[in-house]
Structure formats: structure tokens, C-alpha cells
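Please read the structure below before turning to the comments.
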2 protein chains.
Amino acid sequence: MGVTKSEIFTDQQNQVSTFAKAFAHPARVAILEHLFNLNACICGDLVEEIGLAQATISQHLKELKNLGLIKGEVEGTKVCYCIHQENWNKMKSVMTEFLTQDEKLKGSCC
Amino acid sequence: MGVTKSEIFTDQQNQVSTFAKAFAHPARVAILEHLFNLNACICGDLVEEIGLAQATISQHLKELKNLGLIKGEVEGTKVCYCIHQENWNKMKSVMTEFLTQDEKLKGSCC
DNA sequence: TCTACTTATCGTAATATTGCAATGAATTAA
DNA sequence: TTAATTCATTGCAATATTACGATAAGTAGA
């Protein structure tokens, strides 16, 4: 037990939860905000800016990259990461649709 | 060690990740969508609609309730759950601000 | 009262996540 | 080539999450 039963849910429900999982850790939220704020690629200064070990940051970056929300480019000995805008927009539309469901609601019942 | 170091992040970053955690499981996404779609309180039919054990659903409901996204009212032997609209709106504004950060971006760098 | 029904909680097992030290791989500069 | 730098990966250890059976707690009706 302890395994999420994705089979019994719709693709849309699994998508929402997968994206949400990306934001479900403050380090990943912080990484994404840094990438947005600098409006430019940033490398391993993230390790300094955020107070976590290099291995940990690298792991979080990998997760965000696997999800497609960021992309990385090797620049010499450093690696430059930035937001993958196209995929960010796709994610945003999935999440926004989920979040704005309440607009269908007429009124509360209890 | 396995413990999230919330101390080193801002309140906003912790808030985003806490809300995201609520949506980070398809069962909770499904529960919320059911509550929205029925536009009415719903009780333990969730157990039938979603294919998980009663104890598991109850646990997910508790998490959503603790976060304030839903509220429950006892009605006889049943319990009626529905969306907590005010808190949903608060959550929505926090998440929307996070998701629309990309509008500040001028262009991609890599 | 007793029984049936519904939901919450407890206990436990399985799996996932987080974090870091150590190490590996790749590049640059000397 | 060698040393330094940067980042990825590996291999733990600790904690969190998910799931469910069993059981408790509560209400409604006979």
C-alpha cells in the first residue's frame, strides 16, 4: 500500500496533481521565483541563494526539468537554467481551469 | 534527513507549497471536482464515486478540511461536505499570483 | 434499549520524498 | 597533462504520504 492509484482517476486529475506536486515544495517554488525574477538564466547561485546543499538543489532542478517547466543549457563548467515558457503556459492553463471551477458554483449549500 | 526546511523560505513560498500539496494527489483533485460539479453538499457517496476505501477518503477529506478548502456539516448519520468559498478564493489569489509571474518575463534567455 | 448505518480514528504496512556527504563526469585554465 | 570548478549521480538515513482493515463514535429508527 502507500501507492497512489493513478489508474482510477482521469487524465486531467492526474495532470493537475502532477503539476501541483512540482509546487508542493517551497524549494521548488523558490527556484522558479528566482528564475522569473532574474529574467535571465541562472546557474548554481541557487545553491547560495537558497540555503540547501548542492545535491539537494540539483535534485529539485531535475524534477522541474523532467516535468518540462524549466530547461538547462551547459555553458562551460556551469549550467544555465531558465523557464520553459511554452510548457509553463500549458501548465498554467491546466491549473487555471482547475482553480476557476468555483465560477460555476451558484451558491454554497452549507 | 527528509524534513522540509520551511524556516529558510518566505511565508509566500510556504503558502504556495502548502496549497499545492492539497492538489498534489488525484483523489483530492477528484473530491474537489465532485463538490464543485454537484453544486451541493455531498457526503460519503464520494467513497463510491472514487474507488478508494472509506478510511482513505475520510483521511483526504480531513486534509482538505484542515487546510480550510472545504467544510463539513453533520446531517443525521451523514456528513455533508462542500467548498469553503471564501478560503478557496484566498487560495486562488495566492496560486494565481504565483502562476502568472511569467507575465513579468520579457523573453527567454536560452 | 438494540440494531443498522455512516463517518472518524487507530494501527500498520508499503512507498515516496527530502536532504546531504561522497563521488563521478565534464569543462576550463594553467 | 594536471588541478580547479561546476554540476549530476549515488547511496544512505530520516521523515512524510498513501492506503486499508479494524474499530470506535455518533445518530436514527424499531
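None of these values were measured; they are calculated from a predicted model. Below, chains carry the letters A, B, ... as their sequence lines are ordered, and counting in each starts from 1.
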Between [atom2] on [N] and [atom1] on [X], what's the gap in Å once rounded to a whole number?
| X | N | atom1 | atom2 | answer |
| --- | --- | --- | --- | --- |
| B:Gln54 | D:dC20 | CD | P | 11 Å |
| A:Lys62 | C:dG19 | NZ | C1' | 15 Å |
| B:Leu64 | C:dT7 | CG | P | 16 Å |
| A:Lys78 | C:dA29 | NZ | C1' | 14 Å |
| B:Lys21 | C:dA16 | NZ | P | 17 Å |
| A:Glu73 | D:dT6 | CD | C1' | 16 Å |

- A:Phe23 versus A:Val29, closest heavy-atom pair with distance: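 Closest approach of A:Phe23 to A:Val29, heavy atoms only: O-CG2, 3.5 Å.
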Any [X] side-chain N or O less than 4.0 Å from OP1/OP2 of [N]:
| X | N | value |
| --- | --- | --- |
| B:His60 | D:dT17 | no |
| A:Thr56 | C:dC20 | yes |
| A:Tyr81 | D:dT6 | no |

- Message: Mind checking if B:Lys65 touches a base, just sugar-phosphate, or nothing, with heavy atoms under 4.0 Å?
- Response: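 The answer is nothing, as B:Lys65 stays clear of every strand by at least 4.0 Å.
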- Task: Classify the nucleic acid contact of A:Leu52 as base, sugar-phosphate or nothing, counting any heavy atom under 4.0 Å across all strands shown.
- Result: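 If one applies the 4.0 Å heavy-atom cut-off, A:Leu52 turns out to touch the sugar-phosphate alone, with no base involved.
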- Could you pick out which residue, B:Ser58 or A:Ala53, lies toward the 5' side of DNA chain C when each is mapped onto its nearest nucleotide?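 This one resolves to B:Ser58.
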- Item | A:Gln12 side chain to A:Glu97 side chain, donor-acceptor N/O pair below 3.5 angstrom |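 No.
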- Task: State whether a side-chain donor-acceptor pair under 3.5 Å links A:Thr10 with A:Gln13.
- Result: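 Yes - a donor-acceptor pair under 3.5 Å links their side chains.
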- Message: Is it the case that D:dA8 (base atoms only) and A:Gln59 (side chain only) share a donor and an acceptor within less than 3.5 Å, ignoring hydrogens and angles?
- Response: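 A donor-acceptor contact between them is absent.
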- Consider the side chain of A:Thr77, meaning its heavy atoms from C-beta on, and name the nucleotide among C:dT18, D:dT5, C:dT6 that approaches it most closely.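 Ranking C:dT18, D:dT5, C:dT6 by closest atom to the A:Thr77 side chain puts D:dT5 first.
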- Less than 6.0 Å separating the ring centroids of B:Trp88 and B:Phe36?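 So the answer is yes for these two rings.
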